Amino acid sequence: MSYDYMCKFIIIGDTGVGKTCLLLQFTNKRFQPVHDLTIGSEFGYRTVTVDAHPIKFQIWDTAGQETFRSITRSYYRGAAGVLLVYDITRRGTFNHVASWLEDVQQHVSRNMSIILIGNKCDLDDKRAISKEEGQQFAQEHGLLFLEVSAKTAENVEEAFIKTAANILQKI
Ligand code: GDP
Ligand code: MG
């Protein structure tokens, strides 16, 4: 499939928030609940039309690197879109969002589109962070925001499209 733009997207956030599941849901359209942390696929691709432009998404997964807070400069290099993910059922993962944001800003000088993602919204009964709290953090830091579920696929495609649309506005 031909495309107008290729965009590098990276997915960051604490271990276990669902980064790999989000990548697999977006690229394979299915939920793979169990996978080996260390041999997770490092890339995924999918072409989606955004505002009448076919965009080829090249999505990078940390594949376990984040455990050691050792995400390399090359991971960030050239990224146009960033998915910064927390787990709505674990407060600790939300508390770390600010330091992940610092890490992004340290590594990247150019203007990127960053979306804050509250994943696992299918687990509403176990929720530890309200949607409003997530929304407020995003607003204060100039980030896009969505709650999604990599399990049910709710808002997963929307998250990528919303971020790509924001990137297109800057081109
Ligand atoms: P990563 O370490 O950030 O890459 O997280 P994973 O993608 O490996 O997911 C961690 C765990 O959360 C796995 O057990 C997944 O099955 C589970 N998980 C991921 N996304 C969701 C979701 O949207 N809903 C639910 N209920 N579980 C999820
Ligand atoms: Mg992973």
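Sequence positions, counted from 1, serve as the residue numbers for this chain. Just follow the structure's listing: the first ligand is 1, and inside any ligand the first atom is 1. As the structure is a computational prediction, the values presented were derived from the model and not from experiment.
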### Task
Compute the shortest N/O to N/O distance between Phe31 and ligand 1 and return yes if it is under 3.5 Å, no if not.
no
#### Entry: Where ligand 1 meets Asn119 - atom numbers and elements under 4.0 angstrom, heavy-atom basis
20 (N), 21 (C), 23 (O)
### Query
Numbering the atoms of ligand 1 from 1, which are under 4.0 Å from a heavy atom of Asp14?
3 (O)
### Message
Is there a continuous path of hydrophobic side-chain contacts, each under 4.5 Å between heavy atoms, that joins Leu116 to Leu101?
### Response
yes
### Task
For the residue pair Phe160 and Phe26, categorise the inter-ring angle as parallel (less than 30°), tilted (30 to 60°) or perpendicular (more than 60°).
parallel
### Message
When you measure from the Mg ion (ligand 2) to the N, O or S atoms of Thr62, does any of those distances fall below 2.8 Å?
### Response
no
### Query
Is the side chain of Lys170 donor-acceptor paired with the backbone N or O of Met112 at a distance under 3.5 Å, no angle test?
yes
### Query
Which option out of Lys120, Lys19, Glu154, Lys151 puts a heavy atom nearest to atom 17 (C) of ligand 1?
Lys120
### Message
Under 4.0 Å from a heavy atom of Thr20: which atoms of ligand 1 are those, numbered in the order shown and with their elements?
### Response
4 (O), 7 (O)
### Query
Side chain, backbone, both or neither: which part of Asp122 has a heavy atom under 4.0 Å from ligand 1?
side chain
### Message
Ring centres under 6.0 Å, that's the criterion: do Phe43 and Trp60 meet it?
### Response
yes
### Query
Is a side-chain donor-acceptor pair under 3.5 Å present for Thr93 with Asp14?
no
### Query
Is there a nitrogen or oxygen of Gly16 sitting under 3.5 Å from a nitrogen or oxygen of ligand 1?
yes
### Query
Taking atom types as modelled, is there a side-chain donor on Glu102 or Gln106 under 3.5 Å from an acceptor on the other?
no
### Task
Check ligand 1 against Leu123 and write out every atom of the ligand that is under 4.0 Å from a heavy-atom position of the residue.
26 (N)
### Query
In ligand 1, which numbered atoms sit nearer than 4.0 Å to a non-hydrogen atom of Cys21?
7 (O), 9 (O), 15 (C), 19 (C), 20 (N)
### Leu168 side, atom CG; Asp4 side, atom CG - distance, nearest 0.5 Å
9.0 Å
### Message
Could you tell me if the side chain of Val156 sits less than 4.5 Å from the side chain of Leu22, heavy atoms only?
### Response
yes
### Task
Take every heavy atom of Val85, measure it against each atom of ligand 1, and state whether any distance is under 4.0 Å.
no
